[in-house]
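Small disclaimer: the values here were computed from a predicted structure and weren't measured. Side chains included, hydrogens not; waters and symmetry mates left out as well; all remaining heavy atoms used. First listed ligand is number 1; within each ligand, the first listed atom is number 1.
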Amino acid sequence: MAATPSPSNAPLSGRHRVAVIGGGSAGISVAARLRRAGVTDVSVIEPSDTHWYQPLWTLVGGGQASLRDTHRPEASVMPDGVRWIRRRALAVDPEARTVTLSGDDELTYETLVLAPGLQLDWGGVPGLAEAVGHNGVSSDYAPEYAPRTWELIRRMHSGTAVFTHPATPIKCGGAPQKIAYLAADHWRRRKVLDAIRIILVIPDPAMFRAPAWSQVLEKVAARYGIEVRLNSEMTAVDGDAREITVDDHGNGTKETIGYDLLHAVPPQSAPDWVKSSPLADPAGPHGFAAADRHTLRHPSYENVFALGDVANLPTSKTGAAVRKQAPVAVGNLLDVMNGRSPSHRYDGYTSCPLVTARDRMLLAEFDYDLKPAPSLPLLDPFKERRTMWLFKRYGLPPVYWHGMLTGRL
Ligand code: FAD
């Protein structure tokens, strides 16, 4: 891998063999694997000079990791021999096979990998965009706020703390409740838990999509005395009054809840330019990109693949899912480049490290059928373990930086 590649200043004219939009978890994993397979002329379109390891943001919010541990220069993860185009993709025309870029440029591709992640819609809940970062409101979903979550948790000794999960697909479906457990365990250790009312607002009829873990999480929430509002959604925030509105879709009621601490996860959707492109899945309500659930190829454009958070796949959007999707996308892309039909299949594998205490974790691994798919079949996957927590905090980051992003794992 290159020491520090810099963005390419070469003209963009000419046809690019493979263009990858997004240099996040999915884009870099794919680019690294393509280079390992000997593919030349791979371009990564990525405007940011910083690469983030987002799974640690939950532990930043919980006071167990520093924001410093969660990012590296984008140049340090860009695979050797890849052309880094430091621009933003603004539009794709899959008929003409072009990508419009910021800076008034256009690029032509033979094959396209769509991996720009998703968009946080802070404006999707009235009052949230104005309140986040002030008024006792924070969110682990953005690096500028995650350290503030810990400040709010640390300073709280009594009152009401509300943790919300929006009614859209989100990255890491467990993250809205993991931070509630980290906070509750901190307050328990400080012996103030009895003075704090904790409310967890969840849009679904159960605590977790995979039923087997839902039952375990019900017990975890009960252990901390957390009030769980199922079928419910935060629909407004009044930061000045420190109040939120919660709609209970189960019984059709609306409630105003006063809070001292609010951890809000914003609604999420595909980036606007993906939503308005022919690559968006017309069957999905949030504009995510269409992709065959097994081959990851676009159903209408055979030279386009989508993976990661942007893809409309019926599984949980996680880095762990990306780790399994990247080899499939690359294998099938090579098939298509060589005139073969896609032969690699993704089974929907995803995993969610459910941190349930400051030193305990459950690893929920499942596939499209929501059936447990444990990587370590001899371990009971429904048991909270300290070793799992240690693995998330200290084992997974090096696996990510040195294994996944280099295309080795
Ligand atoms: P990203 O990694 O977000 O990368 C997208 C990239 O595209 C970015 O570099 C961005 O700059 C770039 N981009 C955006 N727009 C454009 C554009 N127009 N043109 C070009 N480039 C663009 N996953 C787990 O596996 N385990 C966990 O415990 C876990 N916890 C999480 C906790 C939190 C709080 C969060 C926020 C996420 C968590 N995740 C977890 C999810 C995981 O981080 C994502 O699923 C993963 O990063 C998705 O990879 P991606 O490449 O699709 O998107």
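- Residue Gly308 has at least one heavy-atom neighbour below 4.0 Å for each of these atoms of ligand 1: 52 (O).
- Not one N or O of Arg87 is nearer than 3.5 Å to an N or O of ligand 1, by distance alone.
- Remark: ligand 1 atoms within the under-4.0 Å shell around heavy atoms of Ile21 are 19 (N), 20 (C).
- The N/O atoms of Lys392, backbone and side chain alike, include one that comes under 3.5 Å of an N/O atom in ligand 1.
- We find that Asp93 and Arg97 are not joined by a salt bridge, their nearest charged nitrogen and carboxylate oxygen being 4.0 Å or further apart.
- Heavy atoms of Trp52 found under 4.0 angstrom from ligand 1: none, in either backbone or side chain.
- Residue Ala320 touches ligand 1 through backbone and side chain together, judged by heavy-atom distances below 4.0 Å.
- Taking a cut-off of under 4.0 Å to the non-hydrogen atoms of Ala115, the atoms of ligand 1 that pass are 5 (C), 7 (O).
- Ligand 1 has no N or O atom lying under 3.5 Å from any N or O atom of Asp140, backbone or side chain.
- Residue Lys317 has at least one heavy-atom neighbour below 4.0 Å for each of these atoms of ligand 1: 45 (O).
- Centroid-to-centroid, the aromatic rings of Phe382 and Trp213 come within less than 6.0 Å.
- The pair Asp260-Arg242 does not count as a salt bridge, with every side-chain nitrogen at least 4.0 angstrom from each carboxylate oxygen.
- Taking the six-membered ring where the residue is Trp, Phe366 and Phe208 present perpendicular rings, their angle passing 60° and hence far from 30°.
- With respect to the salt-bridge test (charged N to carboxylate O, under 4.0 angstrom), the residues Glu384 and Arg223 qualify.
- The shortest contact between atom 26 (N) of ligand 1 and any protein heavy atom is with Pro353 CD, 3.7 Å.
- Of all the atoms in ligand 1, the ones that sit under 4.0 Å from a non-hydrogen atom of Ser25 are 2 (O), 46 (C), 47 (O), 49 (O), 51 (O).
- With ligand atoms numbered from 1 in the order given, ligand 1 contributes 5 (C), 52 (O), 53 (O) to contacts under 4.0 Å with heavy atoms of Gly117.
- Heavy atoms of Gln119 found under 4.0 angstrom from ligand 1: none, in either backbone or side chain.
- Among Lys178, Met404, Gln54, the residue whose heavy atom sits closest to atom 33 (C) of ligand 1 is Gln54.
- A heavy-atom separation below 4.0 Å is not found between Pro271 and ligand 1.
- With respect to Arg86 and Glu74, no salt bridge is recorded, no charged nitrogen being found less than 4.0 Å from a carboxylate O.
- In this structure, the protein non-hydrogen atom closest to atom 10 (C) of ligand 1 is Glu46 OE1, 3.5 Å.
- Among Asp309, Thr350, Val20, Leu59, the residue whose heavy atom lies closest to atom 48 (C) of ligand 1 is Asp309.
- In summary, Asp335 and Arg340 engage in a salt bridge, as defined by a charged side-chain N under 4.0 Å from a carboxylate O.
- Ion pairing between a basic and an acidic side chain is recognised when a charged N comes within 4.0 Å of a carboxylate O; Arg393 and Asp69 show such pairing.
- A distance of 12.0 Å separates CG of Leu90 from CG of Asp272, quoted to the nearest 0.5 Å.
- Atoms of ligand 1 found under 4.0 Å from any heavy atom of Gly319 (numbered from 1 in listed order, with element): 23 (N), 24 (C), 25 (O), 41 (C), 42 (C), 44 (C), 45 (O).
- Counting heavy atoms under 4.0 Å from ligand 1, residue Arg88 touches it through both backbone and side chain.
- For ligand 1, the atoms closer than 4.0 angstrom to any heavy atom of Pro47 are 20 (C), 21 (N), 22 (C).
- Ranked by closest heavy atom to atom 13 (N) of ligand 1, the top entry among Ser102, Pro116, Gly174 is Pro116.
- Between the CD1 atom of Ile21 and the CG atom of Leu114 there is a distance of 5.5 Å, given to the nearest 0.5 Å.
- Ranking the protein heavy atoms by distance from atom 19 (N) of ligand 1 puts Ala89 N, 2.9 Å first.
- Because its NZ or CZ atom is not both nearer than 6.0 Å to the ring centre of Phe288 and within 45° of the ring axis, Lys275 does not count as a cation-pi partner of that residue.
- For ligand 1, the polar-atom distance check against Cys172 finds no nitrogen or oxygen pair separated by under 3.5 Å.
- Atom 20 (C) of ligand 1 has as its closest protein heavy atom Ile45 O, 3.3 Å.
- For Tyr368 and Tyr346, the gap between ring centers is short of 6.0 Å.
- Note that the OG1 atom of Thr318 and the CZ atom of Arg323 stand 9.5 Å from one another [nearest 0.5 Å].
- The existence of a salt bridge linking Glu151 and Arg148 is excluded, since no basic side-chain nitrogen approaches an acidic carboxylate oxygen closer than 4.0 Å.
- Rounding to the nearest 0.5 Å places CG of Leu107 at 5.0 Å from CD1 of Ile85.
- In terms of protein heavy atoms, atom 4 (O) of ligand 1 is closest to Gly24 CA, 3.2 Å.
- Taking atom 27 (C) of ligand 1 as the reference point, the nearest protein heavy-atom neighbour is Pro55 CB, 3.5 Å.
- Here's the thing with Tyr141: none of its N/O atoms is less than 3.5 angstrom from an N/O atom of ligand 1.
- At least one N or O atom of Ala26, backbone or side chain, sits closer than 3.5 Å to an N or O atom of ligand 1.
- Note: His71 and Trp57 fail the aromatic proximity criterion, with ring centroids not under 6.0 Å apart.
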